[in-house]
Amino acid sequence: MTATDPDPGPGLVYVYAAVRPGQGLGDTVRVLTGVAGAGVELLESVAEGATGAPAQDDAPAVAFAVSVVPARDFGEEALKERFEDLDWLADVARAHHAVVESLAACTGVLPLRLATVYRDRERARAALTARRDGLDARLALLAGQAEYGVKVYVSEAADDSGEDAVLRPAEDTRQPAGQGSGLSPGKACLRRRRAQHGLRETRQRKAAEVADRIAGVADGFALPRVRHPLQQGPLVAPGLGANVVNDAYLVPDESAEAFAAEVAAVTAEEGIRVEVTGPWAPYSFAMPPEQPSAPRAPRRTDPER
């Protein structure tokens with residue numbers, strides 16, 4: 001820190017996830033870089049009535065994956081401003097996600113909400129200890145399963161360019177709109193508008209049918225589902241159209257390939273795009289411990305979940 005740098009203040013404990021400690025996890029954690037460029041470490045619970053001691057041998061094996069981050073960026077008041085900075089928030093989300101996915105590659109994880117922070121290690125450890133049994137049960141329930149995202153998009157245009165050409169006035173002045181059809185330019189435009197509206201309604205109906213078929217596939221595998229709010233605006237990549245389904249499924253590892261194949265088999269509809277992503281850590285199915293009061297972040301943009 002130089003003389004002109006602001007004092008970062010005391011460090012806060014940022015928690016990424018509850019994890020199942022296992023052989024080799026320590027080596028993975030030691031090479032990770034988390035939010036704000038901080039290193040990552042494991043924080044274990046303590047035995048009841050002990051101070052600073054490791055958990056008893058018969059206690060559930062659960063730990064927090066944490067980093068120490070500057071209070072100037074992650075304190076309660078600072079976060080109120082930071083959550084308005086979308087670039088900063090995107091950087092934190094990417095770093096958070098990268099740590100969680102690295103952990104998920106080698107052990108069971110329960111991802112926590114973005115920007116979950118505690119004042120110090122003692123408070124974070126106390127929260128872990130208080131919820132240890134519940135976290136242990138949830139990790140056992142989710143073992144051998146991963147989250148898969150299924151999104152359905154409907155094209156809003158009549159052509160493949162993504163531009164609503166039928167709603168624009170004719171640009172070729174050599175031939176007035178409606179010529180050859182016996183219609184005035186106004187009536188020709190109205191007919192095109194009606195045709196476009198009919199096309200959209202047809203695609204919406206087909207998209208609903210596709211969504212029902214996908215749900216049927218999931219029912220065949222008896223998969224848990226979480227329905228997320230539909231993505232809009234900058235959360236939808238250009239050209240994808242309107243998001244009409246944004247679901248997450250919890251899929252056993254042994255069923256993942258068959259599930260993805262059956263979903264792909266029901267998506268051959270013009271103007272409708274189905275996107276299946278994963279495997280991911282079970283963000284939508286985790287049950288995080290009680291968290292300290294903090295401003296709620298906008299919904300995670302899931303790096304391409």
Side-chain angles (χ1 to χ4, degrees), residues 11-47 50 52-69 91-118 120-122 124-149 248 250-257 277-289 300 302-305:
L12 302 176
V13 177
Y14 183 110
V15 186
Y16 301 93
V19 300
R20 180 79 76 199
Q23 187 174 9
L25 182 60
D27 293 336
T28 297
V29 168
R30 276 191 289 272
V31 300
L32 294 178
T33 300
V35 300
V40 181
E41 61 184 273
L42 294 180
L43 185 70
E44 297 188 19
S45 59
V46 296
Q56 296 174 343
D57 291 341
D58 59 349
V62 183
F64 274 164
V66 307
S67 289
V68 177
V69 297
D91 287 343
V92 172
R94 280 191 292 267
H96 181 106
H97 178 75
V99 169
V100 170
E101 291 303 319
S102 294
L103 295 169
C106 56
T107 189
V109 300
L110 295 177
L112 269 65
R113 178 168 59 88
L114 190 72
T116 296
V117 293
Y118 291 90
D120 51 40
R121 285 182 174 84
E122 286 68 30
R125 184 178 283 114
L128 172 62
T129 301
R131 296 295 300 276
R132 184 174 55 205
D133 290 345
L135 293 170
D136 175 68
R138 192 65 181 172
L139 283 166
L141 181 65
L142 298 178
Q145 302 178 89
E147 179 171 327
Y148 287 78
L250 187 65
V251 185
D253 294 342
E254 64 271 17
S255 301
E257 186 174 348
T277 61
W280 307 110
Y283 287 96
S284 302
F285 303 91
M287 295 178 61
R300 185 179 56 83
D302 344 310
E304 303 305 321
R305 184 174 64 80

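Everything numeric in this text was worked out from a predicted model, so none of it was measured.
Using a 30° and 60° split on the angle between ring planes, F64 and Y118 fall in the parallel class, below 30°. The aromatic rings of Y283 and H97 sit parallel, their planes meeting at an angle under 30°, below the 60° perpendicular limit.
One distance of note links OH of Y16 with CG of L112; it measures 12.0 Å at 0.5 Å rounding. Distance check, rounded to the nearest 0.5 Å: CG of L110 to CG of L135 gives 6.0 Å. How far CG of L103 is from CZ of R20: 14.0 Å, rounded to the nearest 0.5 Å. Note that CZ of R138 and CG of D133 are 15.5 Å apart. Values are rounded to the nearest 0.5 Å. Taking OG1 of T116 as the reference point, atom CG of L114 lies at 7.5 Å (rounded to 0.5 Å). Taking CD from E122 and CG from L43, the interatomic distance works out to 8.5 Å, rounded to the nearest 0.5 Å.
When all heavy atoms of R125 and E44 are compared, the pair lying nearest together is NE-O, 2.9 Å. Residues S284 and E147 come closest through the heavy atom pair N-OE1, 2.7 Å. Summarising the geometry of V40 relative to T33, their closest heavy-atom pair is CG2-C, 4.4 Å, with the distance given to 0.1 Å. The nearest pair of heavy atoms linking V68 to G11 is CG1-CA, 3.8 Å. V100 approaches A281 most closely through the heavy-atom pair CG1-CB, 3.6 Å. Minimum interatomic distance between D136 and A61 (heavy atoms only, all atoms of both residues): OD1-N, 4.3 Å.
Residues that satisfy the side chain to side chain contact (heavy atoms under 4.5 Å, CB included) test with A38, not counting sequence neighbours, are S67. Qualifying side chain to side chain contact (heavy atoms under 4.5 Å, CB included) partners for S255, counting only residues two or more places apart in sequence or in other chains: F221, V251, P252. Taking the salt bridge (charged side-chain N to carboxylate O under 4.0 Å, His left out) definition, one finds that D120 meets it with R123, sequence neighbours left out. For the side-chain hydrogen bond (donor to acceptor under 3.5 Å, both in side chains) test, no residue two or more places apart in sequence or in another chain qualifies with Q145. Every side chain to side chain contact (heavy atoms under 4.5 Å, CB included) that A95 has, sequence neighbours left out, goes to V35.
Here the side chains of P282 and L250 are in contact, with some heavy-atom distance below 4.5 Å.
More than 12 heavy atoms of other residues, nucleotides or ligands shown are found within 6.0 angstrom of CD on E254.
Residue pairs meeting the side chain to side chain donor-acceptor pair (under 3.5 Å) criterion with at least one partner in residues 98-109, sequence neighbours excluded, are absent.
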